[in-house]
Amino acid sequence: MILNKKFFQRPVKTVAEDLLGKYLVRRFADGRTLAEMVTEVEIYDGPEDRASHACQIGTDKRRRNNKGKTKRTAPMFEAGGIFYIYLCYGMYQMLNIVVGEKDYPAAILIRATRETKGPGRLTRKFAIDKSLNTKSALRGTGLWFEDRKEELAPQKIVRAPRTGVDYAGEIWKNKKYKFFLKT
DNA sequence: TAAGTGATCTCT
DNA sequence: GAGATCACTTAA
């Protein structure tokens, strides 16, 4: 079953927990498909999250990545169910799924599958680039998520602070917004 | 542990 | 248009 709009238009933490154990599925241009189980995600939740690209408060001149709604971050402000993809460190595409209601900026970064660790390596293996930015995850064309009804013990979900967000200030950098499956 | 890499954003 | 920044990876 392809995850639908209802799945993504719920509180971000709920979606993140439920996304673990689901499958990321890619159909390549040549018709082949690739499916791997999602095992690690991070959430970026709302206009007050200072680690989020879409942060709208506490604008600090030294913190140039937190600038609210810009051309780059506009997808995060759309209704849940589309992809937000951007280039980081000049060479790695980051894959996010936008979550929640329209005008509430929130997204979940897909960091790893059972088979592929690391957000940059994952997008490279899945041939994901900006051509998929703002595209819907609900249609089952190109890239989407599937529930394959695999059992998952709730106690296997672990939480930790996010990676690479030291700039976000004490409160936000320490929030346990990374969710992953204990191996 | 450090360097590579280029789009994005701010300020001139 | 210049300069800084960055939700990472790799090789040593």
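Numbers restart at 1 for each chain; the letters A, B, ... are given by sequence-line order, proteins then strands.
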Problem set entry | Closest to the R111(A) side chain, choosing from dT9(C), dC9(B), dC8(C) | dC8(C)
Seminar exercise, completed: One should read off an interatomic distance between D166(A) CG and K173(A) NZ, to the nearest 0.5 angstrom, of 5.0 Å
Exercise. Quick one: do the T123(A) and Q93(A) side chains pair a donor with an acceptor below 3.5 Å?
Worked result: no
For this session: Write down the distance between CZ (R121(A)) and C1' (dA7(C)), rounded to a whole number of angstrom.
Result: 17 Å
Exercise. CH2 of W144(A) to CZ of F83(A): how many Å apart, nearest 0.5 Å?
Worked result: 9.5 Å
Seminar exercise, completed: Which of dT10(C), dC9(B), dA7(C) is nearest the side chain of M94(A)? It is dA7(C)
Exercise. Between L87(A) and Y92(A), who's closer to the 5' end of DNA chain B by nearest nucleotide?
Worked result: Y92(A)
For this session: Measure the distance from CD on Q93(A) to C1' on dG6(B) and round it to the nearest whole Å.
Result: 11 Å
Exercise. Within the structure, does a side-chain N or O atom of K130(A) lie under 4.0 Å from either OP1 or OP2 of dT8(B)?
Worked result: yes
For this session: Convert the base pairs of DNA chain C into dot-bracket notation, remembering that pairs crossing earlier ones are written with [ ] and that bases paired across to another strand are shown as |; include only Watson-Crick or G-U pairs under 3.5 Å.
Result: ||||||.||||.
Exercise. When we call it a touch if two heavy atoms are under 4.0 Å apart, what does K173(A) touch: a base, just sugar-phosphate, or nothing?
Worked result: nothing
Exercise. Going by ring centres under 5.5 Å and near-parallel planes (under 30°), is Y89(A) stacked on dC8(C)?
Worked result: yes
For this session: Considering only NZ, NE, NH1 and NH2 on the basic side and carboxylate oxygens on the acidic side, decide whether E146(A) and K22(A) come within less than 4.0 Å.
Result: no
For this session: Measure from CG on D166(A) to C1' on dT5(C) and round the result to the nearest Å.
Result: 14 Å
Exercise. Starting at NZ of K117(A) and ending at C1' of dT10(C), how long is that distance when rounded to a whole Å?
Worked result: 18 Å
Exercise. Of the candidate nucleotides dC9(B), dC8(C), dT8(B), which contains the atom at the shortest distance from the side chain of K71(A)?
Worked result: dC9(B)
For this session: Between Y44(A) and R124(A), name the one whose nearest nucleotide on DNA chain C is closer to the 5' end.
Result: Y44(A)
For this session: Output the distance between atom OG1 (T163(A)) and atom NZ (K178(A)), rounded to the nearest 0.5 Å.
Result: 2.5 Å
Exercise. So do Y177(A) and Y44(A) actually touch side chain to side chain, heavy atoms under 4.5 Å?
Worked result: no
For this session: Cation-pi check, R111(A) to F180(A): give yes when NZ or CZ is under 6.0 Å from the six-membered ring centre and within 45° of the ring axis, no otherwise.
Result: no
Exercise. Does R26(A) count as lying over the ring of F126(A), i.e. NZ or CZ under 6.0 Å from the six-ring centre, within 45 degrees of the axis?
Worked result: no
For this session: Give the rounded distance in Å between these two atoms: CD1 of I110(A) and P of dC8(C).
Result: 14 Å
Problem set entry | Rounded interatomic separation in angstrom, taking CG from L95(A) and C1' from dT9(C) | 17 Å
For this session: Provide, to the nearest angstrom, the distance between the CH2 atom belonging to W172(A) and the C1' atom belonging to dA7(C).
Result: 15 Å
For this session: Examine dA7(C): is either OP1 or OP2 under 4.0 Å from a nitrogen or oxygen in the side chain of Y167(A)? Give yes or no.
Result: yes
Exercise. Any idea which of dT8(B), dT9(C), dA7(C) is nearest the V165(A) side chain?
Worked result: dA7(C)
Exercise. Can you tell me if the side-chain N/O atoms of T163(A) get under 4.0 Å from OP1 or OP2 in dA7(C)?
Worked result: no
Seminar exercise, completed: Of the candidates dA7(C), dT9(C), dT5(B), the side chain of M91(A) sits closest to dT5(B)
